[in-house]
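Bear in mind that the values here come from a model prediction, so they are computed numbers and not experimental data.
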Amino acid sequence: MMAAPGKLASFRLPPLPTVGELIKLYNLRAEKQLSQNFLLDLRLTDKIVRQAGNLRDAHVCEVGPGPGGLTRSILNAGVSEMLVVEKDTRFIPGLKLLSEAAPGRLRIVHGDILTYRMDRGFTENISKPWGEDPPNLHIIGNLPFNVSTPLIIKWLESIANRTGPFVYGRTRLTLTFQKEVAERLTASTGSKQRSRLSIMAQYLCTVHNCFTIPGRAFVPKPEVDVGVVHFTPLVQPQIPQPFKLVEKVVRNVFQFRRKHCYKGVEKLFPEVCRLELTQEMMQKADVDPTLRPTELTIPQFRALVDAYAHFCLHEPALLDYEFREELRLNHLSKQRNKTMDTFIDKSTGTPPSSQQPC
């Protein structure tokens, strides 16, 4: 039976083996190739949970619970329903022990969070319209380093498209990252840490770097410290264009982060019309081409994306253009021509022409 709502806030798990004892009991070792680092200090896991806000009667999905330290803190915060998604089979027995200690409140999914359909994880009645307050649904996780960046990019795209965990509304996230990644996610204009990740996160969310956990708090101790970051999706994104269009412009601009921003903008266009369209785009956006990528504000990125979207509207083939692919094809063409020149009279050979959007 599920505990009565009024009693959830005071719920405490019954006496259980400590997380450290569970690790010994099930012979659990953190796998280095999976970037696993266990957080055993329940004072720190409680502190992470507090960053999510008041979890009384909340619905929570925890990503990669591992031996269950953070899981215990979430349950003790008085949640009404909790879903954990764990890929590693070795942790399932310990999680089942927690599930038995909190009857009806903890569901375990043995699967990969990168492919799990979270839009099916909870009932529709917890949903809130996008323009209203966020739903009482939270995603919390001490993420393995090797999955944290691809996962937040995937979720940012889901925020833009209101899919996955964001079909329920503006679901909030409280997640751990390597300290350097946490700093990039929250970096302000002009900061050395300002990056593609900064723009992609901040144009869609309010992002807050909550606190740093020293590496020595984890087992095994990672070589870096860990940052806890909280995300609340914005009602209106700061750049009202399709996610993939925004991502393409931002990625191109930041590929030459030490150079003037027009250098990256150039690579949005094929070589035959590159200089002309770059100049037109910078003028249309009214952005100083000599600014560094780290110096660009989100409104300036919005102007650049809007200008690029205008070009794509009139020349849809631009959307699929990637300058690295053009470089690769040019290289192949040169190699092919060299081979042909060896065996065929130049006067009879006709090199293939490459189709360009402009």
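A side-chain N or O of His110 and one of Thr89 form a donor-acceptor pair less than 3.5 Å apart. For the residue pair Arg194 and Gln202, a side-chain donor N or O sits within less than 3.5 Å of a side-chain acceptor on the partner. Checked by atom type, the side-chain pair Gln241/Asp306 shows a donor-acceptor distance below 3.5 Å. With 3.5 Å as the limit, one finds no donor-acceptor pair spanning the side chains of Arg184 and Gln178. Looking at Asp57 and Ser80, their side chains never bring a donor and an acceptor atom within 3.5 Å of each other. The closest side-chain donor-acceptor pair between Gln51 and His230, if any, does not fall under 3.5 angstrom. There is no side-chain donor-acceptor pair under 3.5 Å between Thr163 and Asn161. His260 and Arg292 share a donor-acceptor pair across their side chains, judged by distance under 3.5 Å alone.
A donor-acceptor pair under 3.5 Å is absent between the side-chain atoms of Glu62 and the main chain of Val84, judged by distance alone. Checked by atom type and distance alone, the side chain of Glu86 pairs as donor or acceptor with a backbone atom of Asp88 at under 3.5 Å. In this structure, Arg257 contributes its side chain and Lys192 its backbone to a donor-acceptor pair below 3.5 Å. Without hydrogens or angle criteria, Arg72 side chain to Leu42 main chain gives no donor-acceptor distance under 3.5 Å. A donor-acceptor contact shorter than 3.5 Å is absent between the side chain of Ser99 and the backbone of Lys96. No donor-acceptor pair under 3.5 Å is formed between the side chain of Tyr168 and the backbone N or O of Ile126. Between the side chain of Trp130 and the main chain of Val235, a donor-acceptor pair closer than 3.5 Å is present. The closest donor-acceptor contact from the side chain of Thr232 to the backbone of Thr206 lies at 3.5 Å or more, if one exists at all. In this structure, Arg162 contributes its side chain and Val167 its backbone to no donor-acceptor pair below 3.5 Å.
Nearest heavy-atom pair across Val253 and Pro293 is O-CG, 3.4 Å. Summarising the geometry of Ala182 relative to Gly227, their closest heavy-atom pair is CB-CA, 3.9 Å, with the distance given to 0.1 Å. The minimum heavy-atom distance linking Gly111 with Val85 is given by the pair O-CG1, 3.6 Å. Listed here is the closest heavy atom pair of Pro165 and Leu137: O-CD2, 4.1 Å. Across all non-hydrogen atoms, the minimal contact from Gly68 to Leu98 is O-CD1, 3.8 Å. Residues Gly69 and Thr45 come closest through the heavy atom pair O-OG1, 3.8 Å.
Inter-residue side-chain proximity for Tyr262 and Leu275 is flagged as unmet; no heavy-atom pair is nearer than 4.5 Å. Within the 4.5 Å cutoff, side-chain heavy atoms of Val226 are placed close to those of Phe218. Residues Thr171 and Pro135 meet the side-chain proximity criterion, which asks for heavy atoms closer than 4.5 Å. No side-chain heavy atom of His138 sits under 4.5 Å from any side-chain heavy atom of His59. Residues Leu268 and Phe311 are not in side-chain contact: their nearest non-hydrogen atoms beyond the backbone lie 4.5 Å or more apart. Residues Val229 and Phe231 are in side-chain contact: their nearest non-hydrogen atoms beyond the backbone lie under 4.5 Å apart. Between Leu156 and Cys205 the shortest side-chain heavy-atom distance falls below 4.5 Å. You'll find the side chain of Phe254 reaches within 4.5 Å of the side chain of Ile199, heavy atoms only.
A salt bridge between Glu157 and Lys244 is present, with a side-chain N of the basic residue lying under 4.0 Å from a carboxylate O of the acidic one. Between Lys128 and Glu132 there is no salt bridge, since no side-chain nitrogen of the basic residue lies less than 4.0 Å from a carboxylate oxygen of the acidic one.
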* To do: List the steps, then state whether side-chain contact (heavy atoms from CB on, under 4.5 Å) holds for Val63 with Tyr116.
  => CA-CA 11 Å; Val63 182; Tyr116 176 66; over 6 Å; no
* To do: Please test Lys284 against Gln279 for side-chain contact (heavy atoms from CB on, under 4.5 Å), starting from the C-alpha separation and ending with a verdict.
  => CA-CA 9 Å; Lys284 193 174 185 64; Gln279 186 177 11; over 6 Å; no
* CA sep, side-chain torsions, deciding dist, call: Leu197, Ile153, side-chain contact (heavy atoms from CB on, under 4.5 Å) -> CA-CA 8 Å; Leu197 213 47; Ile153 289 289; 3.7 Å; yes
* Take Met82 and Thr71 through the test side-chain contact (heavy atoms from CB on, under 4.5 Å) and record every step on the way to the result. => CA-CA 9 Å; Met82 186 172 178; Thr71 315; 3.4 Å; yes
* Asked: What do the steps show when you test Phe323 against Phe269 for ring-ring contact (aromatic ring centres under 6.0 Å, His included), and what is the final call?
  -> CA-CA 7 Å; Phe323 90 97; Phe269 302 107; over 10 Å; no
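Rounding to the nearest 0.5 angstrom, the gap separating the CG atom in Leu296 from the CG atom in Leu304 is 6.5 Å. Here CG of Asn252 is found 8.5 Å from CD of Glu247. Values are rounded to the nearest 0.5 Å. Here the OG1-CD distance, from Thr297 to Gln238, works out to 9.0 Å after rounding to the nearest 0.5 Å. The structure places CG of Leu143 at 5.0 Å from CG of Leu175, a figure rounded to the nearest 0.5 Å. Summarising the geometry, atom CD1 belonging to Ile239 is positioned 6.5 Å from atom CD1 belonging to Ile298; distances are rounded to the nearest 0.5 Å. Between the CE atom of Met200 and the CZ atom of Arg251 there is a distance of 9.5 Å, given to the nearest 0.5 Å.
A cation-pi geometry, defined here as NZ or CZ lying under 6.0 Å from the six-membered ring centre and within 45° of its normal, does not hold between Lys248 and Tyr308. Within the cation-pi definition used here (under 6.0 Å to the ring centroid, within 45° of the axis), Lys259 qualifies as a partner of Phe256. For the pair Arg107 and Phe122, the cation sits on the ring face: its NZ or CZ lies under 6.0 Å from the ring centre, inside 45° of the axis.
Take Pro214 and apply the side-chain contact (heavy atoms from CB on, under 4.5 Å) test, not counting sequence neighbours, and it matches Arg216, Asp225.
For the pairing with Ser73, the side-chain contact (heavy atoms from CB on, under 4.5 Å) check across Ile140, Leu55, Leu44, Val49 returns one residue only, Val49. When Glu280, Glu326, Glu266 are each tested for a salt bridge (Lys or Arg N to Asp or Glu O under 4.0 Å) with Arg274, only one passes: Glu326.
No continuous path of hydrophobic side-chain contacts links Phe301 to Leu234 [ILVMFWY only; heavy atoms under 4.5 Å].
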